[in-house]
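Heads up: the structure comes next, in structure tokens.
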Amino acid sequence: MIQPRVLKGFRDSLPSQEIVKKQVIATLEEVFSSFGFVPIDTPVLEYTEVLLGKGGGETDKQIFHFVDNGGRDVAMRFDLTVPFARFMAGNLHKLPLPFKRYHIDKVWRGENPQKGRYREFYQCDFDIVGIDSAVADTEILLMMSDAFKAMGLSRFTIHLAHRGLLNAFLNHIDCGDHAVEILRIVDKLRKIGEQAVKNQLIEIIGSDEAAAAILNYITPKEGESTTQTIERLSELAGNEEEHTKRLKEIFALLNSLGIASNFILDPSITRGLDYYTGVVFETFLTDLPSIGSVCSGGRYNDLASLYTKEELPGVGSSIGLDRLLSALEELDASLAHSASSSDILILFLDETLLPLYLKTAQTLRESGVRCDLFLSDKKLMAQYKYGEAHEIPYALFVKGEDDFTLRNLEQRSDHELSLKEIVAQVKGTL
RNA sequence: GUGGAUGUAGUUCAAUGGUAGAGCACCAGAUUGUGGUUCUGGUUGUUGCGGGUUCGAGCCCCGUCAUCCACCCCA
């Protein structure tokens with residue numbers, strides 16, 4: 001006998017979870033396509049050299065890679081961004097720019113698993129490439145906001161900062177050489193606290209003064225307006241103008257859209273990844289801050305520089321779907337309760353009526369009602385339990401050609417109804 | 001990858017190195033107007049897996065697998 005085990009960090013998905021996941025994805029796709037975004041897909045396996053690019057130290061260790069039967073060095077994608085860059089470089093001539101795509105699929109990382117962190121997980125990416133403008137930045141932000149609202153999560157805050165401005169500031173105080181390390185440390189502020197960040201900064205740059213200046217830059221000031229903050233940061237960066245202007249434009253657009261209250265300028269947001277050059281953002285749920293960012297991203301100068309000479313600026317964002325799903329569950333969001341397998345269960349009571357059961361089921365299905373037929377004449381109790389286990393709201397007694405009783409399984413109440421009324425009833429309460 | 005904690009019935013939890021238990025859930029039957037009550041009976045099990053110590057291991061030791069936590073990194 002072989003043990004039915006699954007690998008560390010991998011898991012099965014039961015119908016109750018899978019139905020919710022599919023619905024969340026459907027909701028997201030609806031929002032994305034309403035903005036004119038189109039779906040793409042890329043292979044799960046790529047040449048290792050394509051995925052590793054210049055060879056990032058940490059990703060090397062985390063990537064699943066092996067030699068295939070043809071002797072090729074291949075690897076499983078560990079995110080959707082790198083394959084997207086390769087995809088853009090290879091299909092540039094087929095795609096009109098600016099190009100807006102979304103991509104929702106599994107990725108793999110050989111990392112040590114923890115709660116909400118697995119070796120196989122879903123990512124949901126959406127990007128606009130081929131344009132560098134405040135409108136594109138804002139559209140991504142707006143779409144994030146719409147997506148969360150569509151999922152029934154209206155209590156969220158998107159924290160915004162500007163990587164370019166921060167880099168200008170670091171150069172201004174002569175810390176540009178350590179930019180990558182500094183970003184990584186600052187990114188941990190929320191987690192390890194101010195003092196720990198300061199200590200680590202001093203260790204890296206060897207200057208108390210510079211460390212203090214960096215902390216000052218990233219610490220939000222009480223009672224300051226967004227405009228004031230932008231001016232202050234600009235000043236700290238040596239009266240930087242270009243990035244400052246972009247930030248102002250974005251906030252002006254968010255204001256005109258009337259959604260500025262969901263956004264906050266937060267200079268402590270840096271994102272650890274070093275390819276960001278413009279605006280960066282992270283999304284936090286008001287009622288579940290401990291879960292961390294559920295959607296983050298930013299603007300990058302050049303997506304596909306590894307694969308093509310063509311310059312491709314872009315802005316994009318990524319939703320951690322697994323993290324989001326556990327958030328929906330914890331917050332008891334209505335989307336998390338939509339796990340019913342069908343709308344109505346036809347009860348099996350009398351074998352001689354079977355043709356009528358099947359015919360009724362077909363009629364209901366044609367009217368757009370999801371209809372499940374119990375498959376044997378077990379005790380009624382068992383049939384009710386089946387319905388409940390599948391979260392089916394209604395059971396139907398088919399007693400004759402035009403003789404129906406619709407039972408609300410939760411309320412345990414019966415109603416004699418015509419087939420037409422049954423359809424209306426079932427659809428009306430969905 | 002490094003360090004730590006944990007692993008007992010479907011589930012929540014017990015059991016001093018001395019015969020593996022309870023509630024809930026589940027199944028069968030009786031009662032109940034086509035479910036909720038009540039009663040009777042039943043399975044709750046390779047104590048994650050494999051070794052070792054011991055007369056004897058759920059308990060102690062080693063290994064292994066998995067989960068959780070921290071680091072690292074990130075979603």
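The sequence lines fix the lettering, A, B, ..., with proteins before strands; numbering per chain opens at 1. Computed from a predicted model, the values in this text were never measured in an experiment.
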F348(A) and Y357(A) aromatic centres sub-6.0 Å
yes
Less than 4.0 angstrom from a charged side-chain N to a carboxylate O is my criterion; do R77(A) and D105(A) meet it?
yes
Could you tell me whether R119(A) contacts a base, only the sugar-phosphate backbone, or nothing, with contacts defined as non-hydrogen atoms closer than 4.0 Å?
nothing
Kindly confirm or rule out a cation-pi arrangement of R407(A) over Y384(A), judged by NZ or CZ under 6.0 Å from the six-membered ring centre and within 45° of its axis?
yes
Do F281(A) and H159(A) have ring centroids that are under 6.0 Å from one another?
no
Between CD of E111(A) and P of C72(B) the distance, given in whole Å, is 12 Å
Separation between the P atoms of G18(B) and C59(B), rounded to whole Å: 11 Å
* Asked: Salt bridge or not for R412(A) and E388(A), using N-O below 4.0 Å?
  -> yes
Interatomic distance at P, G56(B) relative to G51(B), whole Å: 15 Å
Would the F32(A) and F126(A) ring centres measure less than 6.0 Å apart? yes
Report task. Take Y394(A) and Q425(A) through the test side-chain hydrogen bond (donor to acceptor under 3.5 Å, both in side chains) and record every step on the way to the result. Result -> CA-CA 10 Å; Y394(A) 294 98; Q425(A) 171 77 24; 3.3 Å; yes
Restricting both atoms to N or O, compile the protein contacts to nucleotides 37-43 of chain B shorter than 3.5 Å, with distance only.
none

The side chain to side chain donor-acceptor pair (under 3.5 Å) partners of Y122(A) (sequence neighbours excluded) come to none
Whether each nucleotide of nucleotides 64-70 of chain B has a protein heavy atom under 4.0 Å at its base (B), only at its sugar-phosphate (S) or at neither (-) is summarised, 5' to 3', as --SSSBB
Dump the pairs, protein N or O against N or O of nucleotides 26-34 of chain B, anything under 3.5 Å, distances to one decimal.
unit_1: U34(B); atom_1: O2'; unit_2: Y384(A); atom_2: OH; d: 3.2

F121(A) atom CZ is separated from C74(B) atom P, nearest whole Å, by 12 Å
F78(A) CZ to C72(B) C1', in whole Å, measures 16 Å
Whole-Å distance, I185(A) CD1 to C74(B) C1', equals 17 Å
Checklist line | Short side-chain to backbone donor-acceptor contact, H415(A) and L417(A), under 3.5 Å | finding: no
D79(A) atom CG is separated from C73(B) atom P, nearest whole Å, by 17 Å
| query | Does R101(A) come within less than 4.0 Å of D125(A), counting only side-chain N to carboxylate O? | reply | yes
| Touch check for I319(A), heavy atoms < 4.0 angstrom, all strands: base, sugar-phosphate only, or nothing? | nothing
Notebook entry, point to check: When you check the gap from the basic side-chain N to the acidic O, do R72(A) and E46(A) get nearer than 4.0 Å?
Noted result: no
So salt bridge (Lys or Arg N to Asp or Glu O under 4.0 Å) across residues 347-365 of chain A, not counting sequence neighbours, yields K359(A)-E401(A)
Rounded to whole Å, the CZ-P distance (R77(A) to A75(B)) equals 15 Å
The correct list of stems in which RNA chain B takes part (3 or more consecutive Watson-Crick or G-U pairs, distances under 3.5 Å) is B:1-7 with B:65-71, B:10-13 with B:21-24, B:26-30 with B:38-42, B:48-52 with B:60-64
Aromatic centroids of F374(A) and Y386(A) separated by under 6.0 Å: yes
- Message: Tell me if a side-chain donor or acceptor on R271(A) pairs with a main-chain N or O of Y276(A) at a distance below 3.5 Å.
- Response: no
Atom CZ of R323(A) and atom P of C73(B) are separated, to the nearest Å, by 15 Å
Per atom distances to the R109(A) side chain, the nearest of C72(B), G36(B), C74(B) is C74(B)
note: D187(A), atom CG; C73(B), atom C1'; distance rounded to Å ~ 10 Å
Handout entry: Whole-angstrom distance between G7(B) and G29(B), as gauged at atom C1'
Key = 38 Å
